[in-house]
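Reading through the structure tokens given below for one structure.
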2 protein chains.
Amino acid sequence: MARRKRPTMNDVAQHAGVALRTVSRVVNEDPTVGAEFVNRVRAAISVLGYTPDERARQLRGGRSGLIGAAVRNLSAGHPVLGSLDAAARAHGFTVHATATADEVDREREVVISMCGRHLDGIVLEPVGDNHQYLGPELDAGTPIVAFDRPAGGITVDTVVSDNAAGIGTAFRHLRAHGHRRIAYIGDQERIFTGHERAAAFRACMAATGDPVAGLTHPGAVEPARIAAALDAVLHGPDPATALITGNASTTFEVLRRLGPAAATLAIVGFDDFPLADLLRPALTVIAQDSETIGRTAIDLLRHRAADHARPVQTVTVGVELVVRGSGERSPTR
Amino acid sequence: MARRKRPTMNDVAQHAGVALRTVSRVVNEDPTVGAEFVNRVRAAISVLGYTPDERARQLRGGRSGLIGAAVRNLSAGHPVLGSLDAAARAHGFTVHATATADEVDREREVVISMCGRHLDGIVLEPVGDNHQYLGPELDAGTPIVAFDRPAGGITVDTVVSDNAAGIGTAFRHLRAHGHRRIAYIGDQERIFTGHERAAAFRACMAATGDPVAGLTHPGAVEPARIAAALDAVLHGPDPATALITGNASTTFEVLRRLGPAAATLAIVGFDDFPLADLLRPALTVIAQDSETIGRTAIDLLRHRAADHARPVQTVTVGVELVVRGSGERSPTR
DNA sequence: TTGAAAGCGCTAACAT
DNA sequence: ATGTTAGCGCTTTCAA
């Protein structure tokens, strides 16, 4: 298998005995080409195995039809990425997803690489909190949309979930089932969603007038940290009877740590996940509307592309309580 | 926010009062540029907000550092994609993942788009069974690797799991726990892995000499079809006491359908999944080695890039039985 | 309806 | 050590 030179449009033109311009017309389905010429060119294309060079084509101008998505992670399930892709496709775009690996430097690297390729838009699940390097790209008119968390240092269209409402709903749900000692274990507060959810929880607690000390536990999502938080919450003098977990991985760790004891506690998890209904007890959750988040991100992108002067907006997408059993138990003490 | 023209290398050169070539040198960190010039150019770059155009740069030749991955799905968890990305990164590449949505036409579309952008390599999770359109790309020397299933109509490096060994292991495991009536419910046979696993199951059954009728159920992964298969398997005159499920989604559907009755049956699922240990009973599975699959795919890509004449190879990656409880029950009748 | 020529933004021979 | 010039493969005025 000798490495053969890739045929260019010029090669096709020569092979077909026509001008370069004619090949270009055929490739771009320009109707003003004679049938005989079209055949000759098509034949040459097929014989040579010619495929157009998108780089050159786009260098000359025009849309790429490509949207870059810089997301934290490619291996874990990513429902928003799925709906982003579907929505993009529905509008004739293709999504290229790249992982930022939750690293600030890597995020900058992949996003700058996207900029260099002049895509039709960039969707960002921000990791860092300084995205000023995107200024020139923004100036050049590339639509940029942040989701899940806001971008930092630049003003771009943004889609986030209503974290505060979600925590509020979970809290009231547990209160309605008679719980007064409700604890929260979640993500680190330096992470946007971690902060929003912890803060909302604190606000809920404060509003009740009940004692609140020792019930709010933000921090790293690591077995040891979560085990410690659980200990603090369950084995103190006035143990919690209900628990709100701040994201899916925290929920998993909590369930794993509690084992059968999970059944003695009311639990509402932030974030739905595929097997939540198959767990025993099935898990009551606050589900984010990833379908709407993805679709909205693409809509914002398209509207921005259509009108660069329109005001920048942040869309907050509602969340939903999904009742499955774990959150409806009454306090046992 | 007026849409400003994107500054080019030429603009930088003029602003800095140097030649275009000098800017190119500075951008590419050529050491033969005088310190004073470097400063002038750097300043101009920063003032103008210049970013290099990768399309133009790569049009001129050289590597892009980009590997395209065409995978079936972006939203469900995709462990191989994660390890692919990690392995690629370790070798200085960036993975662009695009969804084929399990549609043959879409697959062709996204793969052809990848070809047009002249990436450094393409990793494919094949959907269709005719990839002859990749011939020219192969001839041009682009490394292409298929994983999970083989590509069709072309000869490319391939990484697959040892499906037959996995089914064999599951089968022998259940036999060792006393089961003689073992059933299989899995994916459609027109799908490569579906066929491989069903065929391996049939071979295992045949080798026992026991009656085999009505125990092998390949088909669409849909609630109704799976419910029917379960009925046939469990409510016949000689019901199965053990079950092998052919992939993760089938496992989910089976568990969902069985509900508490799942505890009366020995079950081994093909494919591990994040919450398998938290289910009650915890699920015994045949786990694919996605880490090795991803790493091997990138290795094959790199070796192909280094030596286009090397023989094409198919690597079969071993699978592992993970014992968790569901597969170790004895027959109850 | 077809073709010749310019140029997109960049890198790389080839001067100087 | 810096600058000039010719393309990379394509689209696009502008002629014929």
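When reading the values below, keep in mind they use all heavy atoms of this one structure, side chains included, and skip hydrogens, waters and symmetry mates. Because the structure is predicted, anything quoted here is derived from the model rather than measured. Each chain gets a letter, A, B and so on, in the order the sequences are listed, and its residues count up from 1.
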Interatomic distance where CG belongs to B:Asp30 and P belongs to D:dA1 [whole Å]: 9 Å
Determine whether A:Ile293 and A:Ser161 make a side-chain contact, defined as any pair of heavy atoms from C-beta on separated by less than 4.5 Å. yes
Within the side chain of B:Asn28, is there an N or O that forms a donor-acceptor pair under 3.5 Å with the backbone of B:Asp30? no
Under 4.0 Å, counting only non-hydrogen atoms across every strand here, what does A:Val27 touch: a base, just sugar-phosphate, or nothing? nothing
Tell me which nucleotide among C:dC10, C:dG3, C:dT2 gets nearest to the side chain of A:Ala19. C:dG3
Rounding to a whole Å, what distance do you find between B:Gln14:CD and C:dG9:P? 13 Å
Inspect the contact between B:Asp299 and B:Arg302 and indicate whether a charged nitrogen and a carboxylate oxygen are less than 4.0 angstrom apart. yes
Between P of C:dC8 and CG of B:Leu59, the distance in whole Å: 13 Å
Geometric class of the B:Phe147/B:His78 ring pair [parallel <30°, tilted 30-60°, perpendicular >60°]: perpendicular
Side-chain N,O (A:Thr22) to OP1/OP2 (C:dG3) below 4.0 Å: yes
What is the separation between atom CZ on A:Arg63 and atom C1' on D:dT11, rounded to the nearest whole Å? 16 Å
What is the distance, rounded to the nearest whole Å, between atom CG of B:Leu20 and atom C1' of C:dA12? 11 Å
I want to verify a distance call: between C:dC10, C:dT2, D:dC10, whose nearest atom is closest to the B:Asp53 side chain? C:dC10
Describe the nucleic acid contact of B:Arg55 in one word from base, sugar-phosphate, nothing, applying a heavy-atom distance below 4.0 Å. nothing
What's B:Arg21 touching, base or sugar-phosphate or nothing? Going by heavy atoms closer than 4.0 Å. base
Looking only at N and O atoms, is any donor in the side chain of A:Arg6 or the base of D:dG9 less than 3.5 Å from an acceptor on the other one? no
Let me spell it out: for each of B:Gly17 and B:Ala56, pick the nucleotide of DNA chain D with the closest heavy atom. Which residue's pick is nearer the 5' end? B:Gly17
What nucleic acid atoms does A:Gly61 come within less than 4.0 Å of, heavy atoms only: base, sugar-phosphate, or nothing? nothing
Measure distances between side-chain N and O atoms of B:Arg60 and base N and O atoms of C:dA12, and say whether any donor-acceptor pair falls under 3.5 Å. no
Rounded to the Å, how far apart are B:Asp11 CG and C:dG9 P? 8 Å
Could you check A:Leu84, A:Val315, A:Thr158, A:Thr316 and say which one makes a side-chain contact (heavy atoms from CB on, under 4.5 Å) with A:Thr296? A:Val315
Do the side-chain N or O atoms of B:Ser24 get closer than 4.0 angstrom to the phosphate oxygens (OP1, OP2) of C:dT11? yes
D:dC10, OP1 or OP2 - any side-chain N/O from A:Asn10 closer than 4.0 Å? no
Please report the distance, rounded to the nearest Å, between CE in B:Met9 and C1' in C:dA12. 12 Å
Separation of A:Asn28 atom CG from C:dT2 atom C1', in whole Å? 16 Å
Side-chain donor or acceptor of A:Arg25 under 3.5 Å from a matching atom on the base of C:dT1? no
Taking 4.0 angstrom as the limit, do B:Arg89 and A:Glu109 come out as a salt bridge? no
D:dT11, D:dG3, C:dT2: which one has an atom nearest the side-chain heavy atoms of A:Phe37? C:dT2
A:Val33 has a side chain; which of C:dC10, D:dT11, C:dT2 sits nearest to it? C:dT2
